[in-house]
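Take this structure, written in structure tokens, and hold onto it; I'll ask about it next.
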Amino acid sequence: MPNAAKSEKTDVVLIGAGIMSATLGALLRQLQPDWTISVFERLDAAAAESSDPWNNAGTGHSALCELNYSPQNADGSVDVSKAVDINERFQVSRQFWASAVDTGVLDDPSGFINPIPHVSFVHGADNVDYLRKRYEALAPHPLFRGMEYIDTPDEFAARLPLMAKGRDFSDPVALNWSDGGTDIDFGALTKQLLAYIGYSGGEIAFGTEVRNLDKQSDGSWNVTVRNLRTYQSRTINAKFVFVGAGGGALPLLQKAGIKEARGFGGFPISGQFLRSTNPELIAAHDAKVYGKAAVGAPPMSVPHLDTRVINGQKGLLFGPYAGWTPKFLKDGSNADLFKSIKPNNIGSLVGVGLTELGLTKYLVEELLKSQNGKVGVLGEFLPRAQGRDWELITAGQRVQVIRRKGVGGVLEFGTAVISAEDGSIAGLLGASPGASTCVTAMLDVMQRCFPQQYTGWTPQLQQMIPSLGQKLSENQALFQEVWDWTSKSLKLDGSNASASERVTDYEQV
């Protein structure tokens, strides 16, 4: 039998030890060092779900290469407004990380961020025409400076020799190439931020599950947690609660009973990647290369061949391949989806079920693909791909947001911040671009939940994030200033291997 619950007090409870909670905790610790902070994570390690480096592609989502952020309009023009917005948000993250390195909050930045070219890749005459228009629309923007358009076989082979080997160039190809991209180990970043919170006096409790959230008459929350090893329960009274539990956020917000969570549902989608086991292949590729999603496929299905840098070691993965499970977390329960169905969101869920038949068809097709079928998809990027060089790994679980719309619902593929009217509790739902824009998401939480304090915090925040409240895309001088600073502080200003070096590496394969 569990021991009787003990009551304690804290200013802030952060649920989940992923990148979102770690970012919010680090911000609050610097802005309000007198506040007490407690972090509760039901697993035995930090960043063990979606923030784990092998549970995501590690792309610093700055819209340099992701084509779903720059769709083509009916008249043939390319809409880059979302790409610019995503890039603006990522620049905020870069500035916060650079400031954190400068002030000692974060350690050696090469442990979590490394320079890697970001590349958009298409083939076929129509797609080549689209990519040229995309380049023409983005290249004039300060945030996308230096982007190159490449459509000759010789230059393609010089930049991406592994992808050129065995390719039939009678099928036209094109690239948008950006040297300013990054690979990010969000797991390592999360651990560094949590270490700072812990070293500065915060409580970090692993193997501890939040069992209940109970609103008190004074606006605070009683948070009941249980140690999963000793079965001892505790009740912590918190002035503010943030639910950064990834796929576990929706059930906890529902348990809290806040009206703002009514009507929201979640649709879980699992993912898989092919990870290379051939060191020669890994050494021969040095870029994150994103293609176009198949017709009718959802945005998160965009295929990409990614160089990774994890624990100082290069890796190579391709994917994603979608799957389905009713779990809301990789380490969740098969009952998660069914438990999340409530009278206030069943209409949203049914509505999405009726309107997203294309997604259902896509998921069925993905589930039926064999290992050889998955390697066959890789062949679009690597014409001479061989199954023996790759292993299939299960990536993180994503719970896409279902939001009420009219009498039904709509499926969204972004992130959504939910906060109570009184600002006493907030949570984050959804995924991509997720971790890359974690700082802007957490600033949003802070503005919503601490409106009075936020005004006083602004001067210090502007020291951390000089562009706060401005658009870098409209201030080229400021962008140049923060770009040079962040590149130096994050050690991103070193040169990558030359094209000739990459060719030399590849010729050894």
Side-chain angles (χ1 to χ4, degrees), residues 19-20 23-24 26-27 57-71 78-101 113 115-118 120 134-147 176 178-184 186 189 288 290 299 302 412-417 428 430-448 454 457-458 460-490 492:
I19 186 61
M20 295 299 175
T23 298
L24 181 58
L27 281 165
T59 304
H61 282 275
S62 47
L64 294 173
C65 58
E66 304 94 328
L67 297 178
N68 52 303
Y69 298 143
S70 50
V78 176
D79 181 1
V80 299
S81 57
K82 186 171 184 179
V84 173
D85 177 64
I86 293 294
N87 196 298
E88 289 272 12
R89 293 169 181 266
F90 181 67
Q91 300 306 325
V92 170
S93 292
R94 272 184 61 127
Q95 291 171 71
F96 172 67
W97 298 333
S99 171
V101 169
I113 187 168
I116 294 291
H118 281 200
S120 304
R134 177 184 184 267
Y135 166 76
E136 292 171 349
L138 284 175
H141 281 273
L143 303 184
F144 295 85
R145 64 176 189 170
M147 179 180 284
N176 284 170
S178 298
D179 275 322
T182 53
D183 174 78
I184 302 175
F186 286 106
L189 175 59
K288 288 183 174 291
Y290 275 57
V302 173
E412 299 180 350
F413 294 98
T415 53
V417 173
L428 195 74
S432 184
S436 301
T437 60
C438 57
V439 179
T440 51
M442 294 305 95
L443 290 175
D444 184 12
V445 169
M446 290 161 59
Q447 283 183 289
R448 292 186 187 202
Y454 193 85
W457 291 338
T458 299
Q460 188 174 349
L461 283 171
Q462 288 175 331
Q463 291 180 354
M464 302 178 191
I465 307 164
S467 73
L468 189 69
Q470 304 182 62
K471 289 189 175 182
L472 290 174
S473 58
E474 298 174 359
N475 190 333
Q476 189 163 353
L478 179 59
F479 173 66
Q480 185 67 53
E481 181 181 341
V482 299
W483 181 265
D484 291 344
W485 160 56
T486 57
S487 295
K488 182 178 180 180
S489 292
L490 296 173
L492 300 174

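All residue numbers in this chain count up from 1 along the given sequence.
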Arg89/Asp85 ion pair, N-O < 4.0 Å: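 Answer for the salt bridge query: yes.
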Backbone N/O of Ser62 and side chain of Asn87: donor-acceptor pair under 3.5 Å: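 Flag set: sc Asn87 to bb Ser62 pair under 3.5 Å.
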Heavy-atom donor-acceptor pair, Glu88 side chain to Leu472 backbone, under 3.5 Å: yes
Met442 versus Met20, closest heavy-atom pair with distance: SD-O, 3.5 Å
Close side-chain approach of Ser467 and Ile465, heavy atoms under 4.5 Å: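 Counting from C-beta outward, Ser467 and Ile465 do come under 4.5 Å.
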side-chain hydrogen bond (donor to acceptor under 3.5 Å, both in side chains) partners for Thr182, two or more places apart: none
Leu443 side chain near Leu461 side chain, heavy-atom distance below 4.5 Å: yes
Euclidean distance, Asp79 CG relative to Arg134 CZ, rounded to 0.5 Å: 12.0 Å
Minimum heavy-atom distance Ala83-Ala63, with the two atoms named: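 Heavy atoms of Ala83 and Ala63 come nearest at O-CB, 3.4 Å.
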Test log, rule side chain to side chain contact (heavy atoms under 4.5 Å, CB included), inputs Leu27 and Met446: CA-CA 9 Å; Leu27 281 165; Met446 290 161 59; 3.9 Å; yes
Shortest non-hydrogen separation from Val80 to Ala137 and the atoms involved: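 Between these two residues, the closest heavy atoms are CG1-CB, 3.7 Å.
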Ala57 backbone acceptor or donor facing Lys288 side chain under 3.5 Å: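 Such a contact is found between Lys288 side chain and Ala57 backbone.
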Residue Gln480 excluded, over 12 heavy atoms near CD under 6.0 Å: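 Check passes, neighbour count above 12.
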Tyr135 and Met147: CA distance, side-chain angles, deciding distance, side chain to side chain contact (heavy atoms under 4.5 Å, CB included) verdict: CA-CA 7 Å; Tyr135 166 76; Met147 179 180 284; 3.9 Å; yes
Option passing side chain to side chain contact (heavy atoms under 4.5 Å, CB included) with Asp444 (candidates Val417, Thr437, Val439):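 That would be Val417; it is the only one of Val417, Thr437, Val439 passing the side chain to side chain contact (heavy atoms under 4.5 Å, CB included) with Asp444.
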Check: Ser436 side chain, Thr59 main-chain N or O, donor-acceptor pair, under 3.5 Å: yes
From CG (Leu138) to CG (Leu64), nearest 0.5 Å: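 With rounding to 0.5 Å, CG (Leu138) is 8.5 Å from CG (Leu64).
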Residues Leu490, Val101; criterion side chain to side chain contact (heavy atoms under 4.5 Å, CB included); working and verdict: CA-CA 7 Å; Leu490 296 173; Val101 169; 4.0 Å; yes
Shortest non-hydrogen separation from Phe186 to Ile19 and the atoms involved: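 Heavy atoms of Phe186 and Ile19 come nearest at CD2-CG1, 4.3 Å.
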pair Gln95-Pro466: side-chain heavy atoms closer than 4.5 Å: yes
Phe144 side chain near Val84 side chain, heavy-atom distance below 4.5 Å: yes
Pair Ser99-Gln463, side chain to side chain donor-acceptor pair (under 3.5 Å): steps then yes or no: CA-CA 8 Å; Ser99 171; Gln463 291 180 354; over 6 Å; no
Tyr454 and Thr458, any side-chain heavy atoms less than 4.5 Å apart: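 In short, these two side chains touch, coming nearer than 4.5 Å.
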Geometric class of the Trp483/Phe479 ring pair [parallel <30°, tilted 30-60°, perpendicular >60°]: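 Ring orientation of Phe479 relative to Trp483: tilted.
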Spatial distance of atom CD1 (Ile184) from atom SG (Cys438) [nearest 0.5 Å]: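 It is 8.5 Å, given to the nearest 0.5 Å.
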Nearest heavy-atom neighbours spanning Ala441 and Leu428: CB-CD1, 4.4 Å
From CD1 (Ile86) to OH (Tyr69), nearest 0.5 Å: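 OH of Tyr69 is found 5.0 Å from CD1 of Ile86.
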Separation between CH2 of Trp457 and CE of Met464, rounded to the nearest 0.5 Å: 10.5 Å
Value rounded to 0.5 Å, distance of OG in Ser120 from CG in Leu67: 4.5 Å
